[in-house]
Peer 1: 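Structure in structure tokens, see below.
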Amino acid sequence: MLAGAIAAVLFLGGLALSYVYTHDPASSPSPKCFFKLLTGWDCPGCGSQRAAYALLHGRIADAWQLNPFIFFAVPVALFYFVVEAGRRRWPRFHVLATHPLVLTALLFLIIAWWAGRNLM
């Protein structure tokens, strides 16, 4: 069961990566940020589609300029995917990684990034 779920996630992730690799968000009709349309402010993820596209094409400096948060968010998301996949195998590690203090710290970092990028 777990192997099938992992295979499905990897397949869907591969499809998503291939889409991002082949479709430049700056020139294709990709979705726009609803928060920015409403407020004029950047959300924590604004620019992440273009940053992912630049990163997949080896343009690290461009990706950093568009949204440096992607260099934090992607590894954290992958980490938590592994944490959840190994929930039964490493239950104490899962408890530590999903402790409310850890998740609150992550939320604080996201909010700090959100506020900071709009104040600069």
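The first residue in the sequence is number 1, and the count goes up from there. Remember, predicted model here, so these are calculated numbers, not experimental data. Computation of the quantities below employed the complete heavy-atom set of this structure, encompassing side-chain atoms and omitting hydrogens, waters and symmetry-equivalent molecules.
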Peer 1: So that I know where these two stand, are Phe72 and Phe79 an aromatic pair - ring centroids less than 6.0 Å apart?
Peer 2: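 When the ring centroids of Phe72 and Phe79 are compared, they turn out to be at least 6.0 Å apart.
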Peer 1: Remaining members of Phe11's ILVMFWY cluster at a side-chain heavy-atom cut-off under 4.5 Å?
Peer 2: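 So far as hydrophobic clustering goes, Phe11 is joined with Leu12, Leu15.
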Peer 1: Checking the side chain of Tyr80 only, and the main-chain atoms of Thr98 only, is there a donor and an acceptor separated by less than 3.5 Å?
Peer 2: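 It does not hold such a pair.
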Peer 1: Please list every donor-acceptor pair under 3.5 Å in which a side-chain atom of residues 112-120 meets a protein atom from a residue at least two apart or in another chain.
Peer 2:
from: Trp113; atom 1: NE1; to: Pro44; atom 2: O; distance (Å): 3.2
from: Trp114; atom 1: NE1; to: Asp42; atom 2: O; distance (Å): 3.2
from: Arg117; atom 1: NH1; to: Cys43; atom 2: O; distance (Å): 2.6
from: Arg117; atom 1: NH1; to: Pro44; atom 2: O; distance (Å): 3.4
from: Arg117; atom 1: NH1; to: Cys46; atom 2: O; distance (Å): 3.2
from: Arg117; atom 1: NH2; to: Cys46; atom 2: O; distance (Å): 3.2
from: Asn118; atom 1: OD1; to: Asp42; atom 2: N; distance (Å): 2.9
from: Asn118; atom 1: ND2; to: Asp42; atom 2: O; distance (Å): 2.8
from: Asn118; atom 1: ND2; to: Trp114; atom 2: O; distance (Å): 2.9

Peer 1: Compare every heavy atom of Ile70 with every heavy atom of Ser48, then report the nearest pair and how far apart it is.
Peer 2: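 Closest approach of Ser48 to Ile70, heavy atoms only: O-CD1, 3.7 Å.
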Peer 1: Side-chain contact test, heavy atoms from C-beta onward, threshold under 4.5 Å: evaluate it for Asp62 versus Tyr53 and give yes or no.
Peer 2: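 The answer is no, as the side chains (C-beta and beyond) never meet within the 4.5 Å cut-off.
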Peer 1: Just wondering, do Val83 and Trp90 contact through their side chains at under 4.5 Å, heavy atoms?
Peer 2: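 Side chain of Trp90 against side chain of Val83, heavy atoms only: no contact under 4.5 Å found.
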Peer 1: For Ile60, enumerate each residue passing the side chain to side chain contact (heavy atoms under 4.5 Å, CB included) test, keeping only those at least two apart in sequence or located in another chain.
Peer 2: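 For Ile60 the side chain to side chain contact (heavy atoms under 4.5 Å, CB included) partners, ignoring immediate neighbours, are Leu55, Phe71.
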Peer 1: Tell me whether Val76 is reachable from Val82 by hopping between hydrophobic residues (I, L, V, M, F, W, Y) whose side-chain heavy atoms are closer than 4.5 Å.
Peer 2: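 Val82 does not cluster with Val76.
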Peer 1: Apart from Phe34 itself, what residues make up its hydrophobic cluster, given side-chain heavy atom links below 4.5 Å?
Peer 2: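 Phe34 shares its hydrophobic cluster with Leu38.
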Peer 1: Rounded to the nearest 0.5 Å, how far apart are CZ of Arg59 and CZ of Arg50?
Peer 2: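 The CZ atom of Arg50 is 11.5 Å from CZ of Arg59, to the nearest 0.5 Å.
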Peer 1: Is Leu107 isolated, or which residues cluster with it under the ILVMFWY side-chain rule of less than 4.5 Å, directly or via members?
Peer 2: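 Joined to Leu107, directly or through intermediates: Ile111.
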Peer 1: Could you work out, with side chain to side chain contact (heavy atoms under 4.5 Å, CB included) as the rule, every residue matching Arg87, not counting sequence neighbours?
Peer 2: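 Expected list: Glu84, His94.
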